[in-house]
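Here is the structure we will look at, set down as C-alpha coordinates.
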Number of protein chains: 2
Amino acid sequence: MEERQRELAEQEKRLKRNMSRITHKIAVISGKGGVGKSTVAANLAMAFAANGYVDRVGILDVDIHGPCVPKLLGVKGRRYQVSPLGLGALPIIGPMGIKVVSMDFLLQSQETPVIWRGPLKMQVIRQFLADFLWGELEFLFIDVPPGTGDEALSVMQLIPEMDGTVIVTIPSEVSEDVVKKAVGFSRQMEIPIIGVVENMSGFTCPNCGATINILGTGGGKRISENLNVPFLGKIPIDPKICEEGDKGIPFVVGHMNSPAAKAFTEVVTNVEAFLKASHARELTHRRGR
Amino acid sequence: MEERQRELAEQEKRLKRNMSRITHKIAVISGKGGVGKSTVAANLAMAFAANGYVDRVGILDVDIHGPCVPKLLGVKGRRYQVSPLGLGALPIIGPMGIKVVSMDFLLQSQETPVIWRGPLKMQVIRQFLADFLWGELEFLFIDVPPGTGDEALSVMQLIPEMDGTVIVTIPSEVSEDVVKKAVGFSRQMEIPIIGVVENMSGFTCPNCGATINILGTGGGKRISENLNVPFLGKIPIDPKICEEGDKGIPFVVGHMNSPAAKAFTEVVTNVEAFLKASHARELTHRRGR
(Lines give C-alpha, C1' and ligand atoms only; values in the text may rest on other atoms or scores of the structure.)
Protein backbone atom coordinates (compact mmCIF):
# COMPACT_ATOMS: atom_id res chain seq x y z
CA MET A 1 0.00 0.00 0.00
CA GLU A 2 2.82 2.32 0.98
CA GLU A 3 4.67 1.43 -2.20
CA ARG A 4 1.58 2.22 -4.27
CA GLN A 5 1.28 5.61 -2.59
CA ARG A 6 4.91 6.40 -3.22
CA GLU A 7 4.44 5.44 -6.87
CA LEU A 8 1.43 7.72 -7.16
CA ALA A 9 3.36 10.61 -5.62
CA GLU A 10 6.21 10.03 -8.09
CA GLN A 11 3.75 9.97 -10.96
CA GLU A 12 2.14 13.18 -9.74
CA LYS A 13 5.58 14.83 -9.81
CA ARG A 14 6.22 13.65 -13.38
CA LEU A 15 2.78 14.90 -14.40
CA LYS A 16 3.41 18.37 -12.92
CA ARG A 17 6.85 18.55 -14.55
CA ASN A 18 5.43 17.48 -17.91
CA MET A 19 2.63 20.03 -17.76
CA SER A 20 4.94 22.85 -16.62
CA ARG A 21 6.78 22.52 -19.94
CA ILE A 22 3.63 23.16 -22.00
CA THR A 23 2.65 26.81 -22.33
CA HIS A 24 -1.03 26.45 -23.28
CA LYS A 25 -3.41 23.60 -22.49
CA ILE A 26 -6.78 23.74 -24.17
CA ALA A 27 -9.59 21.25 -23.59
CA VAL A 28 -11.96 20.64 -26.49
CA ILE A 29 -15.26 19.50 -24.99
CA SER A 30 -18.92 18.97 -25.88
CA GLY A 31 -22.04 18.03 -23.99
CA LYS A 32 -23.01 15.55 -26.70
CA GLY A 33 -21.15 13.12 -28.92
CA GLY A 34 -20.83 13.20 -32.69
CA VAL A 35 -20.69 16.97 -33.01
CA GLY A 36 -17.26 16.78 -34.62
CA LYS A 37 -15.31 17.51 -31.47
CA SER A 38 -12.36 15.33 -32.51
CA THR A 39 -12.39 16.90 -35.97
CA VAL A 40 -12.26 20.37 -34.42
CA ALA A 41 -9.46 19.33 -32.03
CA ALA A 42 -7.39 17.74 -34.81
CA ASN A 43 -7.85 20.76 -37.08
CA LEU A 44 -6.99 23.18 -34.27
CA ALA A 45 -3.76 21.26 -33.68
CA MET A 46 -2.96 21.32 -37.40
CA ALA A 47 -3.81 25.00 -37.79
CA PHE A 48 -1.59 26.04 -34.89
CA ALA A 49 1.26 23.78 -36.02
CA ALA A 50 1.04 25.26 -39.53
CA ASN A 51 0.96 28.73 -38.02
CA GLY A 52 4.54 28.83 -36.77
CA TYR A 53 4.54 25.97 -34.27
CA VAL A 54 5.87 22.94 -36.13
CA ASP A 55 7.03 20.36 -33.53
CA ARG A 56 5.52 22.48 -30.75
CA VAL A 57 1.96 21.16 -30.68
CA GLY A 58 0.57 18.10 -28.93
CA ILE A 59 -2.82 16.46 -28.91
CA LEU A 60 -4.11 14.12 -26.24
CA ASP A 61 -7.08 11.95 -27.16
CA VAL A 62 -8.83 11.16 -23.88
CA ASP A 63 -11.59 9.15 -25.54
CA ILE A 64 -10.85 5.72 -24.09
CA HIS A 65 -13.77 3.88 -25.71
CA GLY A 66 -13.81 5.43 -29.18
CA PRO A 67 -10.53 7.22 -29.94
CA CYS A 68 -10.71 8.99 -33.34
CA VAL A 69 -7.78 11.42 -33.37
CA PRO A 70 -5.16 8.97 -34.77
CA LYS A 71 -7.34 8.22 -37.78
CA LEU A 72 -8.07 11.92 -38.34
CA LEU A 73 -4.35 12.72 -38.33
CA GLY A 74 -3.40 9.78 -40.52
CA VAL A 75 -1.31 7.96 -37.88
CA LYS A 76 -3.68 5.11 -37.12
CA GLY A 77 -2.14 1.69 -36.56
CA ARG A 78 1.14 2.99 -35.16
CA ARG A 79 2.56 1.71 -31.87
CA TYR A 80 4.24 3.59 -29.04
CA GLN A 81 7.91 3.13 -28.43
CA VAL A 82 9.68 3.54 -25.12
CA SER A 83 12.46 6.12 -25.01
CA PRO A 84 15.96 4.66 -25.38
CA LEU A 85 16.84 5.84 -21.87
CA GLY A 86 13.74 4.24 -20.38
CA LEU A 87 12.45 7.62 -19.24
CA GLY A 88 8.93 7.11 -20.53
CA ALA A 89 6.89 6.38 -23.62
CA LEU A 90 7.23 8.48 -26.76
CA PRO A 91 4.14 10.12 -28.27
CA ILE A 92 3.42 9.19 -31.88
CA ILE A 93 4.64 11.92 -34.24
CA GLY A 94 1.91 13.10 -36.60
CA PRO A 95 1.95 15.62 -39.47
CA MET A 96 4.02 18.76 -38.82
CA GLY A 97 5.57 17.18 -35.77
CA ILE A 98 2.33 17.04 -33.81
CA LYS A 99 2.75 14.74 -30.80
CA VAL A 100 -0.21 12.40 -30.47
CA VAL A 101 -1.16 10.25 -27.49
CA SER A 102 -4.28 8.08 -27.68
CA MET A 103 -5.68 4.82 -26.37
CA ASP A 104 -5.89 3.74 -29.99
CA PHE A 105 -2.14 3.09 -30.20
CA LEU A 106 -2.46 0.57 -27.38
CA LEU A 107 -5.27 -1.53 -28.83
CA GLN A 108 -4.67 -4.99 -30.25
CA SER A 109 -7.33 -4.66 -32.93
CA GLN A 110 -10.14 -2.38 -34.03
CA GLU A 111 -12.71 -4.82 -32.72
CA THR A 112 -11.35 -4.69 -29.18
CA PRO A 113 -13.73 -2.64 -27.05
CA VAL A 114 -12.19 -1.09 -23.96
CA ILE A 115 -14.73 -2.18 -21.36
CA TRP A 116 -13.54 -0.19 -18.40
CA ARG A 117 -15.17 1.54 -15.51
CA GLY A 118 -14.18 5.01 -14.32
CA PRO A 119 -11.30 4.37 -11.90
CA LEU A 120 -9.29 2.50 -14.53
CA LYS A 121 -9.88 5.34 -16.97
CA MET A 122 -8.62 7.90 -14.44
CA GLN A 123 -5.48 5.79 -14.14
CA VAL A 124 -4.76 5.66 -17.86
CA ILE A 125 -5.40 9.40 -18.26
CA ARG A 126 -2.91 10.04 -15.46
CA GLN A 127 -0.39 7.90 -17.32
CA PHE A 128 -1.00 9.73 -20.59
CA LEU A 129 -0.13 13.01 -18.87
CA ALA A 130 2.69 11.79 -16.61
CA ASP A 131 4.45 8.92 -18.33
CA PHE A 132 4.75 10.18 -21.89
CA LEU A 133 7.63 12.39 -22.94
CA TRP A 134 5.71 15.37 -24.23
CA GLY A 135 8.73 17.67 -24.17
CA GLU A 136 8.57 21.46 -24.57
CA LEU A 137 5.33 22.41 -26.27
CA GLU A 138 3.53 25.65 -26.99
CA PHE A 139 0.08 24.04 -27.24
CA LEU A 140 -1.55 20.88 -25.96
CA PHE A 141 -5.06 20.23 -27.23
CA ILE A 142 -7.02 17.75 -25.21
CA ASP A 143 -9.89 15.94 -26.92
CA VAL A 144 -12.19 15.12 -24.01
CA PRO A 145 -15.00 12.59 -24.59
CA PRO A 146 -18.54 14.00 -24.49
CA GLY A 147 -20.41 14.39 -21.26
CA THR A 148 -19.41 15.43 -17.80
CA GLY A 149 -18.40 12.09 -16.35
CA ASP A 150 -15.19 10.38 -15.33
CA GLU A 151 -12.95 11.37 -18.24
CA ALA A 152 -13.87 15.05 -18.27
CA LEU A 153 -13.61 15.28 -14.49
CA SER A 154 -10.24 13.52 -14.44
CA VAL A 155 -8.76 15.81 -17.06
CA MET A 156 -9.90 18.97 -15.30
CA GLN A 157 -8.66 17.76 -11.93
CA LEU A 158 -5.31 16.63 -13.28
CA ILE A 159 -4.66 19.90 -15.16
CA PRO A 160 -6.10 22.63 -12.95
CA GLU A 161 -4.04 25.26 -14.80
CA MET A 162 -5.95 24.63 -18.06
CA ASP A 163 -6.12 27.78 -20.23
CA GLY A 164 -9.73 27.09 -21.04
CA THR A 165 -12.32 25.03 -22.87
CA VAL A 166 -13.43 25.17 -26.49
CA ILE A 167 -17.02 23.91 -26.56
CA VAL A 168 -18.13 22.27 -29.80
CA THR A 169 -21.80 21.97 -30.70
CA ILE A 170 -24.12 21.53 -33.66
CA PRO A 171 -26.98 23.93 -34.42
CA SER A 172 -29.95 21.74 -33.42
CA GLU A 173 -32.00 22.66 -30.38
CA VAL A 174 -31.64 19.21 -28.86
CA SER A 175 -27.89 19.82 -28.77
CA GLU A 176 -28.43 23.29 -27.40
CA ASP A 177 -29.76 21.84 -24.18
CA VAL A 178 -26.76 19.60 -23.90
CA VAL A 179 -24.15 22.25 -24.60
CA LYS A 180 -25.55 24.32 -21.76
CA LYS A 181 -24.35 21.52 -19.52
CA ALA A 182 -20.84 21.81 -20.97
CA VAL A 183 -20.88 25.52 -20.13
CA GLY A 184 -22.15 24.72 -16.62
CA PHE A 185 -19.42 22.12 -16.27
CA SER A 186 -16.62 24.55 -17.18
CA ARG A 187 -18.03 27.10 -14.79
CA GLN A 188 -18.34 24.67 -11.89
CA MET A 189 -14.78 23.51 -12.53
CA GLU A 190 -13.69 27.16 -12.68
CA ILE A 191 -12.04 26.70 -16.07
CA PRO A 192 -12.31 29.71 -18.39
CA ILE A 193 -14.51 29.21 -21.45
CA ILE A 194 -12.62 30.17 -24.59
CA GLY A 195 -15.84 29.95 -26.56
CA VAL A 196 -18.37 27.95 -28.54
CA VAL A 197 -17.84 26.54 -32.05
CA GLU A 198 -20.97 25.77 -34.06
CA ASN A 199 -20.05 22.81 -36.23
CA MET A 200 -22.07 21.27 -39.09
CA SER A 201 -23.75 24.61 -39.60
CA GLY A 202 -25.68 24.57 -42.88
CA PHE A 203 -24.93 22.56 -46.00
CA THR A 204 -24.33 23.90 -49.49
CA CYS A 205 -25.50 21.44 -52.14
CA PRO A 206 -22.51 20.83 -54.43
CA ASN A 207 -24.96 20.20 -57.28
CA CYS A 208 -27.22 23.27 -57.18
CA GLY A 209 -25.56 25.60 -54.67
CA ALA A 210 -28.65 25.86 -52.44
CA THR A 211 -27.91 26.11 -48.72
CA ILE A 212 -29.91 23.73 -46.57
CA ASN A 213 -29.90 23.87 -42.80
CA ILE A 214 -29.91 20.12 -42.21
CA LEU A 215 -29.45 20.42 -38.48
CA GLY A 216 -31.15 23.77 -38.00
CA THR A 217 -29.09 26.90 -37.67
CA GLY A 218 -27.78 29.46 -35.21
CA GLY A 219 -27.99 27.21 -32.15
CA GLY A 220 -24.35 27.81 -31.22
CA LYS A 221 -24.61 31.56 -31.55
CA ARG A 222 -27.89 31.60 -29.61
CA ILE A 223 -26.35 29.63 -26.76
CA SER A 224 -23.31 31.92 -26.66
CA GLU A 225 -25.53 34.98 -26.35
CA ASN A 226 -27.87 33.43 -23.81
CA LEU A 227 -25.11 32.14 -21.61
CA ASN A 228 -22.81 35.07 -22.20
CA VAL A 229 -19.81 33.15 -23.54
CA PRO A 230 -17.73 34.07 -26.62
CA PHE A 231 -18.82 32.69 -29.99
CA LEU A 232 -15.78 31.42 -31.92
CA GLY A 233 -17.42 30.84 -35.31
CA LYS A 234 -19.45 28.38 -37.33
CA ILE A 235 -18.18 25.69 -39.67
CA PRO A 236 -20.42 24.52 -42.52
CA ILE A 237 -21.08 20.86 -43.31
CA ASP A 238 -18.70 19.73 -46.03
CA PRO A 239 -18.65 16.16 -47.33
CA LYS A 240 -14.92 16.68 -47.87
CA ILE A 241 -14.38 17.13 -44.13
CA CYS A 242 -15.66 13.63 -43.62
CA GLU A 243 -13.91 12.11 -46.63
CA GLU A 244 -10.59 13.66 -45.73
CA GLY A 245 -11.10 12.72 -42.09
CA ASP A 246 -11.44 9.15 -43.26
CA LYS A 247 -8.17 9.50 -45.16
CA GLY A 248 -6.30 11.19 -42.32
CA ILE A 249 -5.93 14.60 -43.94
CA PRO A 250 -7.26 17.42 -41.75
CA PHE A 251 -9.30 19.69 -44.00
CA VAL A 252 -7.60 22.91 -42.89
CA VAL A 253 -4.56 21.58 -44.70
CA GLY A 254 -6.08 19.52 -47.52
CA HIS A 255 -8.59 22.17 -48.65
CA MET A 256 -7.36 25.53 -47.48
CA ASN A 257 -9.70 27.43 -49.79
CA SER A 258 -12.92 25.59 -48.93
CA PRO A 259 -15.59 27.57 -47.04
CA ALA A 260 -15.12 25.14 -44.13
CA ALA A 261 -11.38 25.78 -43.90
CA LYS A 262 -11.93 29.54 -44.15
CA ALA A 263 -14.55 29.36 -41.41
CA PHE A 264 -12.11 27.41 -39.33
CA THR A 265 -9.48 30.13 -39.69
CA GLU A 266 -11.85 32.48 -37.91
CA VAL A 267 -12.09 30.04 -35.01
CA VAL A 268 -8.29 29.83 -34.83
CA THR A 269 -7.99 33.63 -34.82
CA ASN A 270 -10.51 33.87 -31.99
CA VAL A 271 -8.73 31.23 -29.91
CA GLU A 272 -5.41 33.06 -30.42
CA ALA A 273 -7.01 36.33 -29.37
CA PHE A 274 -8.32 34.70 -26.20
CA LEU A 275 -4.89 33.31 -25.30
CA LYS A 276 -3.24 36.68 -25.89
CA ALA A 277 -5.82 38.56 -23.83
CA SER A 278 -5.60 36.02 -21.05
CA HIS A 279 -1.79 36.30 -21.09
CA ALA A 280 -2.10 40.08 -20.86
CA ARG A 281 -4.57 39.73 -17.97
CA GLU A 282 -2.11 37.50 -16.19
CA LEU A 283 0.71 40.01 -16.58
CA THR A 284 -1.48 42.82 -15.25
CA HIS A 285 -2.54 40.59 -12.40
CA ARG A 286 1.10 39.82 -11.56
CA ARG A 287 2.07 43.47 -11.70
CA GLY A 288 -0.87 44.28 -9.46
CA ARG A 289 0.39 41.99 -6.71
CA MET B 1 -23.17 -1.49 6.60
CA GLU B 2 -25.50 -4.41 7.16
CA GLU B 3 -28.47 -2.12 6.62
CA ARG B 4 -27.00 -0.92 3.33
CA GLN B 5 -26.55 -4.51 2.17
CA ARG B 6 -30.10 -5.39 3.09
CA GLU B 7 -31.32 -2.36 1.17
CA LEU B 8 -29.32 -3.40 -1.88
CA ALA B 9 -30.74 -6.93 -1.73
CA GLU B 10 -34.26 -5.50 -1.50
CA GLN B 11 -33.58 -3.26 -4.48
CA GLU B 12 -32.20 -6.20 -6.44
CA LYS B 13 -35.46 -8.06 -5.77
CA ARG B 14 -37.53 -5.10 -6.98
CA LEU B 15 -35.37 -4.83 -10.08
CA LYS B 16 -35.82 -8.52 -10.92
CA ARG B 17 -39.57 -8.31 -10.35
CA ASN B 18 -39.83 -5.19 -12.52
CA MET B 19 -37.85 -6.75 -15.35
CA SER B 20 -39.77 -10.05 -15.17
CA ARG B 21 -42.90 -8.12 -16.15
CA ILE B 22 -41.37 -6.79 -19.37
CA THR B 23 -41.38 -9.25 -22.27
CA HIS B 24 -38.65 -7.74 -24.47
CA LYS B 25 -35.72 -5.58 -23.45
CA ILE B 26 -33.71 -4.06 -26.25
CA ALA B 27 -30.57 -1.97 -25.79
CA VAL B 28 -29.87 0.68 -28.41
CA ILE B 29 -26.11 1.26 -28.42
CA SER B 30 -23.35 2.87 -30.49
CA GLY B 31 -19.59 3.02 -30.29
CA LYS B 32 -19.65 6.76 -30.96
CA GLY B 33 -21.87 9.65 -29.96
CA GLY B 34 -24.00 11.78 -32.23
CA VAL B 35 -24.99 9.02 -34.62
CA GLY B 36 -28.66 9.53 -33.82
CA LYS B 37 -28.92 6.70 -31.30
CA SER B 38 -31.52 8.50 -29.18
CA THR B 39 -33.51 9.38 -32.32
CA VAL B 40 -33.49 5.72 -33.37
CA ALA B 41 -34.49 4.58 -29.86
CA ALA B 42 -37.34 7.12 -29.62
CA ASN B 43 -38.64 6.23 -33.07
CA LEU B 44 -38.42 2.49 -32.35
CA ALA B 45 -40.51 3.05 -29.23
CA MET B 46 -43.06 5.09 -31.19
CA ALA B 47 -43.21 2.64 -34.08
CA PHE B 48 -43.85 -0.32 -31.78
CA ALA B 49 -46.41 1.59 -29.71
CA ALA B 50 -48.22 2.60 -32.90
CA ASN B 51 -48.06 -0.98 -34.09
CA GLY B 52 -50.50 -2.45 -31.58
CA TYR B 53 -48.72 -1.75 -28.31
CA VAL B 54 -50.22 1.49 -26.99
CA ASP B 55 -49.45 1.72 -23.23
CA ARG B 56 -47.18 -1.33 -23.51
CA VAL B 57 -43.87 0.29 -24.45
CA GLY B 58 -41.25 1.86 -22.21
CA ILE B 59 -38.05 3.75 -22.87
CA LEU B 60 -35.21 4.17 -20.43
CA ASP B 61 -32.74 6.95 -21.18
CA VAL B 62 -29.47 5.89 -19.53
CA ASP B 63 -27.58 8.96 -20.72
CA ILE B 64 -26.87 10.62 -17.39
CA HIS B 65 -24.84 13.53 -18.75
CA GLY B 66 -26.80 14.44 -21.88
CA PRO B 67 -30.31 12.92 -21.80
CA CYS B 68 -32.16 13.62 -25.07
CA VAL B 69 -35.12 11.24 -25.09
CA PRO B 70 -37.58 13.51 -23.21
CA LYS B 71 -37.08 16.32 -25.72
CA LEU B 72 -37.43 13.91 -28.66
CA LEU B 73 -40.73 12.60 -27.28
CA GLY B 74 -42.07 16.03 -26.40
CA VAL B 75 -42.20 15.48 -22.62
CA LYS B 76 -39.27 17.68 -21.61
CA GLY B 77 -39.68 19.71 -18.45
CA ARG B 78 -42.03 17.26 -16.72
CA ARG B 79 -41.34 16.02 -13.19
CA TYR B 80 -41.73 12.55 -11.69
CA GLN B 81 -44.48 11.86 -9.24
CA VAL B 82 -44.41 9.25 -6.54
CA SER B 83 -47.20 6.66 -6.66
CA PRO B 84 -50.11 7.39 -4.29
CA LEU B 85 -49.36 4.20 -2.37
CA GLY B 86 -45.69 5.09 -1.99
CA LEU B 87 -44.64 2.02 -3.94
CA GLY B 88 -42.17 3.83 -6.18
CA ALA B 89 -41.82 6.63 -8.68
CA LEU B 90 -44.05 6.83 -11.75
CA PRO B 91 -42.48 7.02 -15.21
CA ILE B 92 -43.48 10.05 -17.27
CA ILE B 93 -46.17 9.14 -19.79
CA GLY B 94 -45.25 10.14 -23.35
CA PRO B 95 -47.18 9.89 -26.62
CA MET B 96 -49.21 6.69 -27.07
CA GLY B 97 -48.71 5.81 -23.44
CA ILE B 98 -44.95 5.31 -23.74
CA LYS B 99 -43.39 5.21 -20.28
CA VAL B 100 -40.30 7.36 -20.13
CA VAL B 101 -37.62 7.41 -17.44
CA SER B 102 -34.65 9.77 -17.79
CA MET B 103 -32.21 11.77 -15.70
CA ASP B 104 -33.62 14.83 -17.43
CA PHE B 105 -36.79 14.79 -15.31
CA LEU B 106 -34.65 15.09 -12.19
CA LEU B 107 -32.60 18.11 -13.22
CA GLN B 108 -33.16 21.54 -11.74
CA SER B 109 -32.29 23.38 -14.92
CA GLN B 110 -30.90 22.77 -18.38
CA GLU B 111 -27.61 24.33 -17.36
CA THR B 112 -27.03 21.84 -14.57
CA PRO B 113 -24.35 19.41 -15.64
CA VAL B 114 -24.41 16.06 -13.87
CA ILE B 115 -20.77 15.81 -12.85
CA TRP B 116 -20.68 12.25 -11.60
CA ARG B 117 -18.18 9.46 -11.65
CA GLY B 118 -19.07 5.86 -12.50
CA PRO B 119 -20.21 4.38 -9.16
CA LEU B 120 -22.85 7.06 -8.70
CA LYS B 121 -24.10 6.44 -12.23
CA MET B 122 -24.38 2.71 -11.55
CA GLN B 123 -26.52 3.58 -8.54
CA VAL B 124 -28.94 5.80 -10.43
CA ILE B 125 -29.28 3.26 -13.25
CA ARG B 126 -30.14 0.62 -10.65
CA GLN B 127 -32.80 2.96 -9.27
CA PHE B 128 -34.24 3.61 -12.71
CA LEU B 129 -34.75 -0.13 -13.16
CA ALA B 130 -35.80 -1.05 -9.63
CA ASP B 131 -37.61 1.90 -8.10
CA PHE B 132 -39.85 3.01 -10.95
CA LEU B 133 -43.22 1.42 -11.50
CA TRP B 134 -42.78 0.21 -15.07
CA GLY B 135 -45.76 -2.14 -14.91
CA GLU B 136 -46.51 -4.82 -17.51
CA LEU B 137 -44.79 -3.94 -20.76
CA GLU B 138 -44.21 -5.69 -24.05
CA PHE B 139 -41.10 -3.67 -24.96
CA LEU B 140 -38.50 -1.71 -23.06
CA PHE B 141 -36.02 0.21 -25.21
CA ILE B 142 -32.89 1.27 -23.42
CA ASP B 143 -30.97 4.21 -24.84
CA VAL B 144 -27.41 3.51 -23.66
CA PRO B 145 -24.85 6.33 -23.89
CA PRO B 146 -22.06 5.82 -26.43
CA GLY B 147 -18.94 3.89 -25.58
CA THR B 148 -18.26 0.84 -23.54
CA GLY B 149 -17.79 2.38 -20.11
CA ASP B 150 -19.69 2.49 -16.86
CA GLU B 151 -23.22 3.08 -18.16
CA ALA B 152 -23.14 0.40 -20.86
CA LEU B 153 -21.53 -2.09 -18.49
CA SER B 154 -24.05 -1.37 -15.72
CA VAL B 155 -27.04 -1.83 -18.02
CA MET B 156 -25.79 -5.13 -19.39
CA GLN B 157 -24.94 -6.45 -15.93
CA LEU B 158 -28.25 -5.37 -14.42
CA ILE B 159 -30.33 -6.89 -17.26
CA PRO B 160 -28.54 -10.10 -18.22
CA GLU B 161 -31.69 -11.39 -19.94
CA MET B 162 -31.55 -8.59 -22.55
CA ASP B 163 -33.07 -9.69 -25.88
CA GLY B 164 -30.28 -8.01 -27.78
CA THR B 165 -28.58 -4.84 -28.96
CA VAL B 166 -29.46 -2.58 -31.86
CA ILE B 167 -26.21 -0.91 -32.93
CA VAL B 168 -26.56 2.53 -34.52
CA THR B 169 -23.83 3.96 -36.73
CA ILE B 170 -23.24 6.51 -39.47
CA PRO B 171 -21.64 5.63 -42.80
CA SER B 172 -18.23 7.27 -42.33
CA GLU B 173 -15.14 5.10 -42.01
CA VAL B 174 -14.06 6.80 -38.80
CA SER B 175 -17.31 5.59 -37.25
CA GLU B 176 -16.82 2.16 -38.76
CA ASP B 177 -13.82 1.58 -36.54
CA VAL B 178 -15.80 2.61 -33.51
CA VAL B 179 -18.87 0.50 -34.25
CA LYS B 180 -16.68 -2.56 -34.42
CA LYS B 181 -16.05 -1.97 -30.75
CA ALA B 182 -19.80 -1.96 -30.07
CA VAL B 183 -20.05 -5.34 -31.79
CA GLY B 184 -17.09 -6.61 -29.76
CA PHE B 185 -18.75 -5.29 -26.61
CA SER B 186 -22.04 -7.13 -27.24
CA ARG B 187 -20.12 -10.31 -27.97
CA GLN B 188 -17.98 -10.09 -24.86
CA MET B 189 -21.10 -9.45 -22.80
CA GLU B 190 -22.77 -12.40 -24.54
CA ILE B 191 -25.77 -10.29 -25.56
CA PRO B 192 -27.26 -11.20 -28.97
CA ILE B 193 -26.79 -8.55 -31.66
CA ILE B 194 -30.14 -7.75 -33.29
CA GLY B 195 -28.33 -5.82 -35.99
CA VAL B 196 -26.79 -2.61 -37.27
CA VAL B 197 -28.73 0.51 -38.36
CA GLU B 198 -26.92 2.89 -40.72
CA ASN B 199 -28.21 6.32 -39.83
CA MET B 200 -27.62 9.61 -41.70
CA SER B 201 -27.07 7.63 -44.86
CA GLY B 202 -27.05 9.99 -47.85
CA PHE B 203 -28.86 13.29 -48.22
CA THR B 204 -31.33 14.24 -50.92
CA CYS B 205 -31.21 17.95 -51.68
CA PRO B 206 -34.77 19.25 -51.26
CA ASN B 207 -33.99 21.91 -53.89
CA CYS B 208 -32.61 19.87 -56.81
CA GLY B 209 -33.18 16.24 -55.79
CA ALA B 210 -29.50 15.27 -56.07
CA THR B 211 -28.33 12.70 -53.53
CA ILE B 212 -25.14 13.63 -51.75
CA ASN B 213 -23.31 11.25 -49.46
CA ILE B 214 -22.31 13.79 -46.85
CA LEU B 215 -20.88 11.25 -44.45
CA GLY B 216 -19.83 8.66 -47.03
CA THR B 217 -22.00 5.65 -47.68
CA GLY B 218 -22.37 1.94 -47.04
CA GLY B 219 -20.27 1.88 -43.85
CA GLY B 220 -23.00 0.19 -41.83
CA LYS B 221 -23.64 -2.48 -44.41
CA ARG B 222 -19.91 -3.07 -44.85
CA ILE B 223 -19.44 -3.54 -41.12
CA SER B 224 -22.39 -5.94 -40.94
CA GLU B 225 -20.92 -8.10 -43.68
CA ASN B 226 -17.38 -8.00 -42.31
CA LEU B 227 -18.42 -8.83 -38.79
CA ASN B 228 -21.21 -11.19 -39.78
CA VAL B 229 -24.04 -9.40 -37.98
CA PRO B 230 -27.52 -8.64 -39.43
CA PHE B 231 -28.01 -5.33 -41.25
CA LEU B 232 -31.30 -3.73 -40.21
CA GLY B 233 -31.48 -0.95 -42.78
CA LYS B 234 -30.31 2.56 -43.57
CA ILE B 235 -32.05 5.82 -42.79
CA PRO B 236 -31.33 8.87 -44.98
CA ILE B 237 -30.50 12.30 -43.60
CA ASP B 238 -33.65 14.38 -43.46
CA PRO B 239 -33.68 17.94 -42.10
CA LYS B 240 -37.22 17.16 -40.89
CA ILE B 241 -35.90 14.46 -38.56
CA CYS B 242 -33.92 17.12 -36.77
CA GLU B 243 -36.63 19.78 -36.87
CA GLU B 244 -39.28 17.42 -35.58
CA GLY B 245 -36.88 16.07 -32.99
CA ASP B 246 -36.50 19.63 -31.76
CA LYS B 247 -40.29 19.89 -31.52
CA GLY B 248 -40.77 16.53 -29.82
CA ILE B 249 -42.52 14.80 -32.70
CA PRO B 250 -40.82 11.53 -33.69
CA PHE B 251 -40.63 11.50 -37.49
CA VAL B 252 -42.13 8.01 -37.88
CA VAL B 253 -45.36 9.59 -36.72
CA GLY B 254 -45.09 13.15 -38.01
CA HIS B 255 -44.00 12.24 -41.54
CA MET B 256 -45.08 8.70 -42.22
CA ASN B 257 -44.58 9.02 -45.98
CA SER B 258 -41.09 10.52 -45.94
CA PRO B 259 -38.24 8.33 -47.26
CA ALA B 260 -36.75 8.38 -43.74
CA ALA B 261 -39.94 7.07 -42.13
CA LYS B 262 -40.30 4.40 -44.80
CA ALA B 263 -36.68 3.36 -44.30
CA PHE B 264 -37.36 3.20 -40.60
CA THR B 265 -40.28 0.82 -41.15
CA GLU B 266 -37.81 -1.65 -42.63
CA VAL B 267 -35.72 -1.46 -39.47
CA VAL B 268 -38.81 -2.09 -37.35
CA THR B 269 -39.78 -5.12 -39.47
CA ASN B 270 -36.29 -6.55 -39.09
CA VAL B 271 -36.28 -6.06 -35.32
CA GLU B 272 -39.69 -7.78 -35.10
CA ALA B 273 -38.43 -10.68 -37.20
CA PHE B 274 -35.45 -11.08 -34.87
CA LEU B 275 -37.65 -11.14 -31.77
CA LYS B 276 -39.98 -13.70 -33.35
CA ALA B 277 -37.12 -15.96 -34.46
CA SER B 278 -35.48 -15.70 -31.07
CA HIS B 279 -38.79 -16.56 -29.38
CA ALA B 280 -39.13 -19.59 -31.67
CA ARG B 281 -35.57 -20.65 -30.85
CA GLU B 282 -36.38 -20.43 -27.18
CA LEU B 283 -39.48 -22.61 -27.55
CA THR B 284 -37.49 -25.23 -29.46
CA HIS B 285 -34.79 -25.04 -26.85
CA ARG B 286 -37.33 -25.59 -24.06
CA ARG B 287 -38.96 -28.51 -25.86
CA GLY B 288 -35.50 -29.99 -26.40
CA ARG B 289 -34.84 -30.08 -22.68
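Just so it is clear: chains get the letters A, B, ... in the order the sequence lines come, proteins before strands, and each one is counted from 1. No experiment lies behind these values; they were computed from the predicted model shown.
Between Arg117(B) and Ser154(A), some side-chain heavy-atom pair lies under the 4.5 Å cut-off. The shortest distance between side-chain heavy atoms of His65(B) and Pro145(A) does not fall below 4.5 Å.
Within the 4.5 angstrom heavy-atom criterion, only side-chain atoms of Ile212(A), from C-beta onward, approach chain B. Using a 4.5 Å cut-off between heavy atoms, Leu120(A) makes no contact with chain B at all. Heavy atoms of Leu227(A) lying under 4.5 Å from chain B belong exclusively to its side chain. The contact between Lys76(A) and chain B is made entirely by side chain atoms (from C-beta outward), counting heavy-atom distances below 4.5 Å. Looking at Asp63(A), neither its backbone nor its side chain comes within 4.5 Å of chain B, counting heavy atoms on both sides. Lys37(B) does not touch chain A: none of its heavy atoms, backbone or side chain, sits under 4.5 Å away. The part of Gln188(A) that comes within reach of chain B is its side chain, from C-beta onward, which places non-hydrogen atoms under 4.5 angstrom from that chain. Proximity to chain B (any heavy atom under 4.5 Å) is restricted, for Ile237(A), to the side chain, taken from C-beta onward.
When each of Val114(B), Ile64(B), Asp104(B), Asp150(B) is scored by its heavy-atom pairs under 4.5 Å with chain A, the top score falls to Asp150(B). Comparing Gly147(B), Cys208(B), Ala182(B) by heavy-atom pairs within less than 4.5 Å of chain A, the highest count is held by Cys208(B). Interface summary for chain A: among Gly34(B), Ser30(B), Cys205(B), the most heavy-atom pairs under 4.5 angstrom belong to Gly34(B). Among Ala152(B), Gly33(B), Ser38(B), Gly66(B), the residue making the largest number of heavy-atom pairs under 4.5 Å with chain A is Gly33(B). If you tally non-hydrogen atom pairs under 4.5 Å between each of Val183(A), Val35(A), Leu107(A), Asn207(A) and chain B, the highest count goes to Asn207(A).
Here the closest non-hydrogen pair linking Gly184(B) and Pro113(A) is C-CG, 3.6 Å.
Of the inter-residue distances, the one linking Trp116(B) atom CH2 with Thr148(A) atom OG1 reads 10.0 Å to the nearest 0.5 angstrom. Going from atom CD1 of Ile115(A) over to atom CE of Met189(B) covers 4.5 Å, rounded to the nearest 0.5 Å.
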